[in-house]
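The figures that follow rest on heavy atoms only: side chains count, while hydrogens, waters and symmetry mates do not.
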Amino acid sequence: MVIFNNTTSSSLTFFLTAFPGLELVHVWISIPVCCLYTIALLGNSMILFVIIVEQSLHKPMYYFLSMLSVVDLCLTISTLPTVLGVLWFHSREISFKACFIQMAFVHTFSFLESSVLVAMAFDRFMAICNPLKYATVLTGTMIMVIGLVIGIRQGIFIFSMFLALKSTSFHGGQELSHPFCYHPDVIKYSYSNPWISSFLGMFLQLYLTGTDLLFILFSYVLILRTVLSTVAPKKQQKAFSTCVCHLCAVTIFYVPMISLSITHRLLNSTSRVVCSILANVYLLLPPVLNPIIYSLKTKTIRQAMLQLLQSKGSQGPNVRRHRGGWDSRGEIAST
């Protein structure tokens, strides 16, 4: 086996895999996969557009939701070319440089989503536990600072990842377990001890997402204590309902991510098909379900979408009435 390092990475390639053993039905599998990608792209684009257009949604809660939609869009787009390339055209070969770039995007946006979920938990904490200070704390400036801190944190992560992989040599021509490049999958084929590199990556993941998850859980412990101390049942129900969407988003993000990470690093006997399914669930489930959950459970988002659709639908008759109707002088307007 020839060993390549990153100085000669132009000749180093990997082979992507979609669903091992199911290559003959890749075209049929691509139908539901394409539907999921379409829902993710359209749903997150719709939420982002509604929040930008509707002035009533220019509030901290919806700013964080728009950040979540942007991250989900970027995460979806980062894997779309290779997933469809493997399923449609059997284009499995990928160079190391392209693999590294995709891996950087996948992990960056994944950790960004974790950070945004923390910001959303802080927003819910302030709204329920300190409602009088909510407007004074979560100002436009504070939201920009939170966004800047999230960006700097991700920049440090990417720089650390680049330094770690820059000095690592890899075996060429290896078959990956997924239709995209994922760090625990790629690092198995490094020349150095893959266990050390893999568990260093796991430590970094636990440090970033683990601290995020602990902060979210701590926030909800305080929220739960505040809600249970409220006497009025209606207020309790309203407070819980405002947290349902965020709790769903946290669950559908962290459960598949932790499951996939543990499967790669600790369960070597796991079927490759199971790993492939877990990977696609990890990357597609949050972008697909987040816009659906927030559209169905958040009344303001749902009303804004309906108003936007109604206004678009009413523009056609208004235009026709204006073109073919009576002008201000009582004469038929020209078409």
Is there a side-chain contact between Y254 and T209, using heavy atoms and a 4.5 Å cut-off? yes
Under a 4.5 Å cut-off applied to non-hydrogen side-chain atoms, are F15 and I94 in contact? no
Please tell me whether F89 and L87 are part of a single hydrophobic cluster in this structure, the criterion being side-chain heavy atoms less than 4.5 Å apart. yes
Closest approach of N44 and P287, non-hydrogen atoms and distance? ND2-O, 2.9 Å
Restricting to non-hydrogen atoms, name the atom on P179 and the atom on T82 that form the minimum distance, rounded to 0.1 Å. O-OG1, 2.8 Å
If every non-hydrogen atom of I47 is compared with every non-hydrogen atom of S295, which pair is closest and at what distance? CD1-OG, 4.1 Å
Quick one: do L247 and F218 end up in the same hydrophobic cluster if we chain Ile, Leu, Val, Met, Phe, Trp and Tyr together by side-chain heavy atoms under 4.5 Å apart? yes
Co-membership, hydrophobic cluster, residues V53 and M67, 4.5 Å side-chain: yes
Look at the side-chain heavy atoms of Ile, Leu, Val, Met, Phe, Trp and Tyr, link any pair under 4.5 Å apart, and say whether I277 and V33 land in one connected group. yes
Are any of the side-chain heavy atoms of S66 and I52 separated by less than 4.5 Å? no
Separation of M120 CE from M61 CE (nearest 0.5 Å): 6.5 Å
Are R153 and S115 linked by a side-chain donor-acceptor pair shorter than 3.5 Å? yes
Just do the side chain to side chain contact (heavy atoms under 4.5 Å, CB included) check on L285 and N280 with the steps written out, would you? CA-CA 8 Å; L285 196 65; N280 285 285; over 6 Å; no
Candidate pair E175 and R92, rule side chain to side chain contact (heavy atoms under 4.5 Å, CB included), full reasoning: CA-CA 9 Å; E175 188 175 62; R92 299 180 57 207; 2.3 Å; yes
Nearest 0.5 Å, what's the CD-NE2 distance between Q154 and H107? 12.0 Å
How are the rings of F122 and F215 set to each other: parallel, tilted or perpendicular (split at 30° and 60°)? tilted
Would you say the side-chain atoms of Q102 and S78 include a donor-acceptor pair closer than 3.5 Å? no
Counting C-beta onward and ignoring hydrogens, is there a side-chain heavy-atom pair between V250 and Y220 closer than 4.5 Å? no
Report yes if some heavy atom in the side chain of L176 is under 4.5 Å from a heavy atom in the side chain of Y182; otherwise report no. no
Please determine, by modelled atom types, if S259 and Y282 share a side-chain donor-acceptor pair under 3.5 angstrom. no
Tell me if the CG atom of L148 is crowded by more than 12 foreign heavy atoms within 6.0 Å. yes
Just by distance, do the side chain of H246 and the backbone of L117 share a donor-acceptor pair under 3.5 Å? yes
Do E113 and N290 make a side-chain contact, defined as non-hydrogen atoms from C-beta onward lying under 4.5 Å apart? yes
In this structure, OG1 of T17 is separated from NE2 of H178 (nearest 0.5 Å) by 9.5 Å
Verify whether one side chain among Y294 and S69 offers a donor that lies under 3.5 Å from an acceptor in the other. no
By the salt bridge (charged side-chain N to carboxylate O under 4.0 Å, His left out) test, which pairs, at least two apart or in different chains, include something from residues 52-66? none
Considering non-hydrogen atoms only, spot the tightest contact between V288 and L36 and give its length. CG2-O, 3.2 Å
Extract all donor-acceptor atom pairs below 3.5 Å that involve side chains of residues 125-145 and protein atoms in other chains or at least two apart in sequence.
{"residue": "Y134", "atom": "OH", "partner": "D123", "partner atom": "OD1", "Å": "2.5"}
{"residue": "T136", "atom": "OG1", "partner": "K133", "partner atom": "O", "Å": "2.9"}
{"residue": "T139", "atom": "OG1", "partner": "M142", "partner atom": "N", "Å": "3.3"}

Is there a continuous path of hydrophobic side-chain contacts, each under 4.5 Å between heavy atoms, that joins V244 to L65? no
Examine the side chains of T298 and Y62 and answer whether a donor and an acceptor come within less than 3.5 Å of each other. no
Quick one: does L112's side chain get under 4.5 Å of L75's, heavy atoms only? no
Quick check: closest heavy atoms across I223 and C243, and the distance to 0.1 Å? CG2-SG, 4.2 Å
Nearest heavy-atom neighbours spanning P291 and P286: CD-O, 4.2 Å
Listed once per pair and sorted, the disulfide bond (SG atoms under 2.5 Å apart) pairs that draw on residues 60-110, sequence neighbours left out: C99-C181
Assess whether side chain to side chain contact (heavy atoms under 4.5 Å, CB included) is satisfied between F180 and M103, documenting all intermediate values. CA-CA 8 Å; F180 56 87; M103 185 168 57; over 6 Å; no
Using the side chain to side chain contact (heavy atoms under 4.5 Å, CB included) rule, take V221 and L217 through it: C-alpha gap first, then chi angles, then the decisive distance, then the call. CA-CA 6 Å; V221 168; L217 293 176; 5.5 Å; no
CG on L68 to SG on C245, rounded to 0.5 Å: 11.0 Å
Could you check whether any side-chain heavy atom of V281 comes within less than 4.5 Å of a side-chain heavy atom of I252, counting everything from C-beta outward? no
Distance check, rounded to the nearest 0.5 Å: D72 atom CG versus F109 atom CZ? 11.0 Å
Distance, nearest 0.5 Å, that separates CD1 of I216 from CZ of F253: 9.0 Å
